[in-house]
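Take a look at the structure set out below.
Hydrogens, waters and symmetry mates play no part in the numbers below; they use all other heavy atoms, side chains included.
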Amino acid sequence: MKTFKLHIYIVAGLLLLGACKPEIHTPKPSAGSVDFSRYIALGNSLTAGYADGGLYLAGQQVSYPSIIGKQMQSVGGGAFTQPLFSTAQANGSGYLSLTGFNADGTPITTPVTTNLAIRGKLTVPGFGDVTLYTKYTGDINNYGVPGIKLMHITYAPYGNLNGYFERLLPGNAPTNSTTYLGFVMAKPFTFFSNWLGNNDALGYATSGGTGDVLTDKNTFAALYNVLINTLTAKGQKGVVATVPDVTSIPYFNTITVSAILAGVQKANPNAKALYINALVSGSTYAPRAATPNDLIVLTFPTSKIGQPVATPVGNLPYGLTPYTPIDNQYVLDEKEVALTEDYVTSYNTTIKSIAAAKGLAVFDAYTFLQNVKLNGMVVDGVSVNSNYISGGLFSLDGVHLTPRGYAIVANEFIKAINDKYNSSIPQVNISDYNGVKFP
């Protein structure tokens, strides 16, 4: 009898728990106050789906705009067409593949050089060689152009200087005169995303402050005004993204001063410091001992450290004396880091101010990626962080994203759109997208 009563109590309890189980309500997809029937995306390599040091078909297919465009179809969005490379030329510009690891755990990457979409090279007087890619013809919704800066959007000859843009234009270099902004505006659209501005700081940083310049702050502000005023001239809505802290990416945080010095001291305990060519004034460099605030680029050949270098005072080990410092292009020193961050802060103030004036949604990529670097994140049961390769967010070039990284960014754009326009575009499941592909 007691057993029978106990069974009754257990069954009653289970029924009660079932009755009290919270319901999870998924919002019905809705466009809110926006017409998503023709969505276009403006931006640079991140927008194009560039990854692993190149633009290729598999990367294009998981670009964040393509993910957003697919999700928009449930709220009235139309087809989202990208300028994809053909299957026969699927490797596009070529890219890096992870083929193994050295005994010390460092990765081995190998360039992929088959099935490329390169049709030739053009030498532009006063500029240099431009790689030309197989032409694309057809509709375009993804206007991502690797390498483009905000300062290029109104520059008429740019279609002759950037092979990724040249392949989209009907004409052939060196006869193109269509501006990027003119090309984008040639066909009507109802909604846009814009992530231009990254390269206005990134090129300076990745060159170690020697091969490029930061776009003037006032020039950036003027051009961003032109861009957004043009895009919203007929009342179109959109979402813009801020410029990330380019010094926080794995490209600058994988090879560290302390790690290099520790490796050197293990072989030679007498080695006291690592020396770099550091910025002294706006244009003057001089050797000094490196500090943890100096950032070594991912492409630095660490095997050069300690190799003999001929100097007026005899052969001295590279990187270990003031006479043989690490070359400028391999280091973003602490003054250059501070300068880059100052310009990025100014760019982002401009972006947020103009977006607010136009009533646009904003994805604060700067804050989001900073948080990921500091704390990592877990989404859809998947842990990601900013570590090189193992973090799952950044691809083999240490700058651009993995498919998983692009899916995460797509969801952040979608969140910003939904919050601003009272829409309910569904997000994607991050676990459906991979990080770095292992051999």
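Annotation: side chain of Tyr224 is in contact with side chain of Val240 (closest heavy-atom distance under 4.5 Å). At a threshold of 4.5 Å between non-hydrogen side-chain atoms, the residues Val297 and Phe252 count as touching. By the 4.5 Å heavy-atom criterion applied to side chains, Asn385 and Leu393 are not counted as neighbours. Considering only heavy atoms from C-beta on, Phe192 comes within 4.5 Å of Leu360 through its side chain. Contact check for Asn172 versus Arg119: side-chain heavy atoms found under the 4.5 Å cut-off. Counting heavy atoms from C-beta outward, Ile408 and Val384 have side chains that approach closer than 4.5 Å. By the 4.5 Å heavy-atom criterion applied to side chains, Val331 and Asn328 are not counted as neighbours. With contacts defined as side-chain heavy-atom distances shorter than 4.5 Å, the pair Ile255/Thr302 qualifies.
Between the side chains of Thr210 and Gln329, no donor-acceptor pair is found at a separation under 3.5 Å. No side-chain N or O of Tyr433 forms a donor-acceptor pair with one of Tyr406 less than 3.5 Å apart. In the model, Asn229 has a side-chain atom that pairs as donor or acceptor with a side-chain atom of Lys358 under 3.5 Å. Between the side chains of Thr110 and Ser97, no donor-acceptor pair of N or O atoms lies under 3.5 Å. Under 3.5 Å, the side chains of Asp129 and Thr123 contain a donor-acceptor pair of N or O atoms. Ser423 and Asn418 are linked by a side-chain donor-acceptor pair at a separation below 3.5 angstrom, with hydrogens and angles left out of the test. Neither side chain, Gln236 nor Thr190, offers a donor N or O lying under 3.5 Å from an acceptor on the other. Donor-acceptor pairing under 3.5 Å is recorded for the side chains of Asp200 and Thr215. With 3.5 Å as the limit, one finds a donor-acceptor pair spanning the side chains of Asp245 and Gln370. No hydrogens or angles considered: nothing links the side chains of Thr179 and Tyr155 as a donor-acceptor pair under 3.5 Å.
Ring geometry, Phe191 versus Phe36: the interplanar angle exceeds 60°, so the pair is classed perpendicular (tilted spans 30 to 60°). Ring planes of Tyr347 and Tyr343: perpendicular class, angle over 60° (limits at 30 and 60°). Using a 30° and 60° split on the angle between ring planes, His400 and Tyr50 fall in the tilted class, from 30° to 60°.
Taking Tyr204 as the reference, nothing meets the ring pair (Phe, Tyr, Trp, His ring centres under 6.0 Å) condition, with sequence neighbours excluded. Taking Tyr56 as the reference, Tyr95 meet the ring pair (Phe, Tyr, Trp, His ring centres under 6.0 Å) condition, with sequence neighbours excluded.
The only option from Ile351, Thr345, Thr350 that meets the side-chain contact (heavy atoms from CB on, under 4.5 Å) definition with Asn348 turns out to be Ile351. Evaluated for a side-chain hydrogen bond (donor to acceptor under 3.5 Å, both in side chains) with Thr47, the options Tyr64, Tyr143, Trp195 yield exactly one hit, Tyr64.
Salt bridge annotation for Asp52-Lys437: absent, with no cationic side-chain nitrogen under 4.0 angstrom from a carboxylate oxygen. Ion pair Lys217/Asp342 flagged as a salt bridge, since at least one NZ, NE, NH1 or NH2 atom sits closer than 4.0 Å to an Asp/Glu carboxylate oxygen.
Using a distance-only test at 3.5 Å, with no hydrogens or angles considered, no donor-acceptor pair links the side chain of Lys121 to the main chain of Leu132. Using a distance-only test at 3.5 Å, with no hydrogens or angles considered, no donor-acceptor pair links the side chain of Gln71 to the main chain of Ile68. Asp380 places a side-chain N or O within donor-acceptor distance of the main-chain N or O of Ile430, the cut-off being under 3.5 Å. Between the side chain of Ser353 and the backbone N or O of Thr349 there is no donor-acceptor pair closer than 3.5 Å. Not one N or O on the side chain of Tyr251 forms a donor-acceptor pair closer than 3.5 Å with the backbone of Thr254. With hydrogens and angles ignored, the 3.5 Å screen pairs no side-chain donor or acceptor of Ser93 with any backbone N or O of Gly54. Proximity of a side-chain donor or acceptor of Arg38 to a complementary backbone N or O of Gly78 within less than 3.5 Å is not detected. Between the side chain of Asn102 and the backbone N or O of Gly105 there is no donor-acceptor pair closer than 3.5 Å. A donor-acceptor pair under 3.5 Å is formed between the side chain of Asn176 and the backbone N or O of Gly159. The closest donor-acceptor contact from the side chain of Gln60 to the backbone of Pro83 lies under 3.5 Å.
Taking every heavy atom of both residues into account, Leu396 and Tyr388 meet most closely at O-OH, 2.7 Å. In terms of heavy atoms, Lys149 sits closest to Val213 at NZ-O, 3.6 Å. Heavy-atom minimum distance, Ala173 versus Leu122: CB-CD2, 3.5 Å. Residues Gln82 and Ser63 approach most closely at OE1-OG, 2.7 Å, considering heavy atoms. Considering every non-hydrogen atom in both Asn198 and Val246, the closest pair reads O-CG1, 4.5 Å. Of all non-hydrogen atoms in Thr230 and Val226, the two that sit nearest each other are OG1-O, 2.7 Å.
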Could you walk me through whether Ile417 and Ile425 pass the side-chain contact (heavy atoms from CB on, under 4.5 Å) test, one step at a time? CA-CA 8 Å; Ile417 295 167; Ile425 304 167; 3.9 Å; yes
Stepwise, does the side-chain contact (heavy atoms from CB on, under 4.5 Å) test hold for Gln89 with Ile118? CA-CA 9 Å; Gln89 297 182 325; Ile118 296 174; over 6 Å; no
Working note: Tyr180 + Tyr158, criterion side-chain hydrogen bond (donor to acceptor under 3.5 Å, both in side chains); need CA distance, chi angles, decisive distance, verdict. CA-CA 8 Å; Tyr180 176 79; Tyr158 192 61; over 6 Å; no
Test log, rule side-chain contact (heavy atoms from CB on, under 4.5 Å), inputs Tyr164 and Tyr133: CA-CA 7 Å; Tyr164 295 109; Tyr133 301 98; 3.3 Å; yes
Derivation and outcome, salt bridge (Lys or Arg N to Asp or Glu O under 4.0 Å), residues Asp364 and Lys352: CA-CA 9 Å; Asp364 191 350; Lys352 291 178 180 179; 3.3 Å; yes
Could you check Val257 against Thr291 for side-chain contact (heavy atoms from CB on, under 4.5 Å), going step by step and ending with a plain yes or no? CA-CA 7 Å; Val257 170; Thr291 74; over 6 Å; no
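Between the CG atom of Asn434 and the OG atom of Ser431 there is a distance of 11.5 Å, given to the nearest 0.5 Å. Rounding to the nearest 0.5 Å places CG of Asn411 at 10.0 Å from CZ of Phe363. A distance of 15.0 Å separates CZ of Phe183 from CD1 of Ile153, quoted to the nearest 0.5 Å. Taking CG of Leu223 as the reference point, atom NE2 of His152 lies at 10.5 Å (rounded to 0.5 Å). Atom CG of residue Leu274 and atom CD1 of residue Ile326 lie 4.0 Å apart, to the nearest 0.5 angstrom. One finds the CD atom of Glu334 at 5.0 Å from the CG atom of Asn293 (value rounded to the nearest 0.5 Å).
A cation-pi arrangement, defined by a distance under 6.0 Å to the six-membered ring centre and an angle within 45 degrees of its axis, is absent between Arg404 and Phe394.
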